[in-house]
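Residue numbering restarts at 1 for every chain, and letters A, B, ... go by the order of the sequence lines.
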Amino acid sequence: MSSLNLYDTKSRKVSSFKPIKKGEVGIYLCGATVQAPPHIGHIRSGVNFDILRRWLITSGYKVTFIRNVTDIDDKIIHKATHEEIPWWQVAAKYERSFTDAYNKLNVLPPTYEPLATGHITQMIELIKKLIDNGSAYAPGNGDVYLEVTKVKDYLSLSNQKLDDLLVADDADLKFKKDPKDFALWKAAKKDEPSWPTPWGDGRPGWHIECSAMAHAYLGESFDIHGGGLDLIFPHHENEIAQSTAAGFNFANIWMHNAWVTTSGEKMSKSLGNSLQVAEILKKVRGIELRWYLGSAHYRSMLEFSFEALAESATAFKRIEAFLSRSESILGKEVELLIADEFAKAMNDDLAVPQALAFIAESMRIGNSAAEDKKIIAKTAGEIRGALSVLGCDPRDAAFATTQSKNGAIDGLIKLALEQREAARLRKDFVAADQIRDQIASLGITVEDTSSGPRWSY
RNA sequence: GGUCGGAUGGCCGAGAGGCGAGGCUCGGGACUGCAAAUCCCGCUACACGGGUUCAAAUCCCGUUCCGACCUCCA
């Protein structure tokens, strides 16, 4: 069996994955800033990294997966002020909407999901360390800045030069030694939430939380750090700066997922609510949305359209139908198998599109096999195994439906179908079709097969 | 200005020197009382202009267009 190769943003190459500790993987994923409900771009990131995680688990690794929640930032404060409610109510509300979206798309809960505001102590410790070793300074206005010119290899992740960066027009030159120095800690403005520190009351800068929490849960060095493309600079660059300035090795490899785009552009708030996860789930099931979001390679832009989503859902239903047909032929639940070809695709930097081609080919073989149980068990098993890694196993409890498995209903349908079979035998097709139509109007599909009628919800 | 990605058939979406990934849609056929499902066949694409090569969607040079980031961002 092949072994895992992953693309690293820093080296810009695909190379063999070597965990720091044999058999174990530590992953830190930048999660949501909970200031609005999730749109499908946010959740694509969750799905992409969930596929990575599931593949690592399937490959035999013990995975520690940390995904943070940023529950304090400018927008949260702004929204709280605007809505006249405490900041933590804003954060809690949207944190729940993210959790709900993750659950509906079968994104596994992280091993731990730390909140930024729960780790102020760790942040203060880290900042102290940075001040003590001369990497950071507190100019007396209550802020603490990291001195970027003192950081070795600053901007190596995004491959930029410090001098090439555009300087923000409103850069504070009164207290900053260099306009590109960034805040580790921000002094509290009037009526803002704050925490006491040796430098005065304030709140965390944007990047310090991830350095502090990754350190707290994964240690000084860990395997994979992930997030969306736009986090490369400044967020991840600054995380690296803070962590390495503190003497940590930090992340070994960096993985970034690409956007969900609309009309070729990154999603923006101007699109309104239509692309929020909750809205899309009114049109398709969670498993279908997940299938769609996971189907493109994680480093490729995914051009969203409702048409493409609907087509994708159609394709997925075919696979589901194949699995349930297989179950009825086998007379038992399909066993999960991992095919070599599927593993090979996944090991190649999670080449999901190749994996999908494998699924399509297996399904063709399975469908052509009539009722050959050996072939059905293999193809259906390998397909279910693949779906499971992709988080789209229809039998996964996360997608449990409320469909009735009531014996009385099953019996009544069977009775109706017997009536229809009788009508068909006496060539009374008008009556037979009438029964089928009536059953169909209840949302039940009837298919005639060589071994009698088959029905499904 | 700097950094980084794109452009592939009706649509989505892989590939990165040599047998046309795959899916969806559409058309034809097989099967079927019909329908559905399934299978088979078809729809021969790689932004543009040069070049390298026996061979280029893929490599090189140039051009056009689109997008992302440059301290709010998945």
Engineer: When the P atoms of B/rA35 and B/rA45 are considered, how many whole Å apart are they?
Structural biologist: 35 Å

Engineer: Touch check for A/Asp433, heavy atoms < 4.0 angstrom, all strands: base, sugar-phosphate only, or nothing?
Structural biologist: base

Engineer: Please determine if A/Lys177 forms a cation-pi arrangement with A/Tyr145, meaning its NZ or CZ atom is less than 6.0 Å from the six-membered ring centre and no more than 45° off the ring axis.
Structural biologist: no

Engineer: Checking contacts here: which listed nucleotide (B/rC39, B/rA35, B/rU71) is nearest the side-chain heavy atoms of A/Phe182?
Structural biologist: B/rU71

Engineer: For A/Asn48, which contact category applies under a 4.0 Å heavy-atom criterion: base, sugar-phosphate, or nothing?
Structural biologist: nothing

Engineer: Can you check whether A/Leu105's main-chain N or O pairs, donor with acceptor, with A/Arg290's side chain at less than 3.5 Å?
Structural biologist: yes

Engineer: Looking only at atom C1', what distance separates B/rC24 and B/rG13, rounded to whole Å?
Structural biologist: 10 Å

Engineer: In whole Å, what separates the P atom of B/rG15 from that of B/rA7?
Structural biologist: 10 Å

Engineer: With a 6.0 Å cut-off on ring centres, are A/Phe304 and A/His39 close enough?
Structural biologist: no

Engineer: Could you give the distance separating B/rA37 and B/rC31 at their C1' atoms, to the nearest angstrom?
Structural biologist: 11 Å

Engineer: Under 4.0 Å from OP1 or OP2 of B/rA74: is there any side-chain N or O of A/Asn257 that close?
Structural biologist: no

Engineer: How far, in whole Å, is B/rC60 from B/rG1 if one measures between their P atoms?
Structural biologist: 24 Å

Engineer: For B/rG27 and B/rG9, measure between their C1' atoms and round to the nearest Å.
Structural biologist: 15 Å

Engineer: So if I take every side-chain heavy atom of A/Glu311 and compare against B/rC69, B/rC39, B/rG23, which nucleotide ends up nearest?
Structural biologist: B/rG23

Engineer: Kindly say if A/Asn159 contacts the phosphate of B/rC4, meaning a side-chain N or O under 4.0 Å from OP1 or OP2.
Structural biologist: yes

Engineer: Under 4.0 Å between any heavy atoms, over every strand shown, what does A/Tyr154 touch: base, sugar-phosphate, or nothing? Just pick one.
Structural biologist: base

Engineer: Which part of the nucleic acid does A/Leu231 contact within heavy-atom distance under 4.0 Å: base, sugar-phosphate only, or nothing?
Structural biologist: sugar-phosphate

Engineer: Report the nucleotide, chosen from B/rG33, B/rC39, B/rC4, that has the shortest atom-to-atom distance to any side-chain atom of A/Arg318.
Structural biologist: B/rC39

Engineer: Please measure how far the P atom in B/rU25 lies from the corresponding atom in B/rC40, and state the result in whole Å.
Structural biologist: 15 Å

Engineer: A/Arg54 pairs by side chain to side chain contact (heavy atoms under 4.5 Å, CB included) with which of A/Leu56, A/Ile51, A/Asp50?
Structural biologist: A/Asp50

Engineer: At under 4.0 Å between heavy atoms, what does A/Arg436 touch on the DNA or RNA strands: base, sugar-phosphate, or nothing?
Structural biologist: base

Engineer: Under 4.0 Å, counting only non-hydrogen atoms across every strand here, what does A/Lys427 touch: a base, just sugar-phosphate, or nothing?
Structural biologist: nothing

Engineer: A/Arg424 side chain: which of B/rU71, B/rC39, B/rG33 is closest?
Structural biologist: B/rG33

Engineer: Over how many whole Å does the gap from A/Lys317 atom NZ to B/rC24 atom P extend?
Structural biologist: 13 Å

Engineer: Which nucleotide in the list B/rU71, B/rA14, B/rA74 gets nearest to the side chain of A/Val260?
Structural biologist: B/rA74

Engineer: What interatomic distance, in whole Å, is found between P of B/rU8 and the corresponding atom of B/rG49?
Structural biologist: 16 Å

Engineer: Identify whether any heavy atom of A/Asp163 sits under 4.0 Å from a base atom; if not, whether one sits that close to sugar-phosphate; answer base, sugar-phosphate or nothing.
Structural biologist: nothing

Engineer: Would you check if the side chain of A/Glu192 reaches a backbone N or O of A/Lys189 as a donor-acceptor pair within less than 3.5 Å?
Structural biologist: yes

Engineer: Specify the residue among A/Ala432 and A/Arg12 whose closest nucleotide of RNA chain B lies further upstream toward the 5′ end.
Structural biologist: A/Arg12

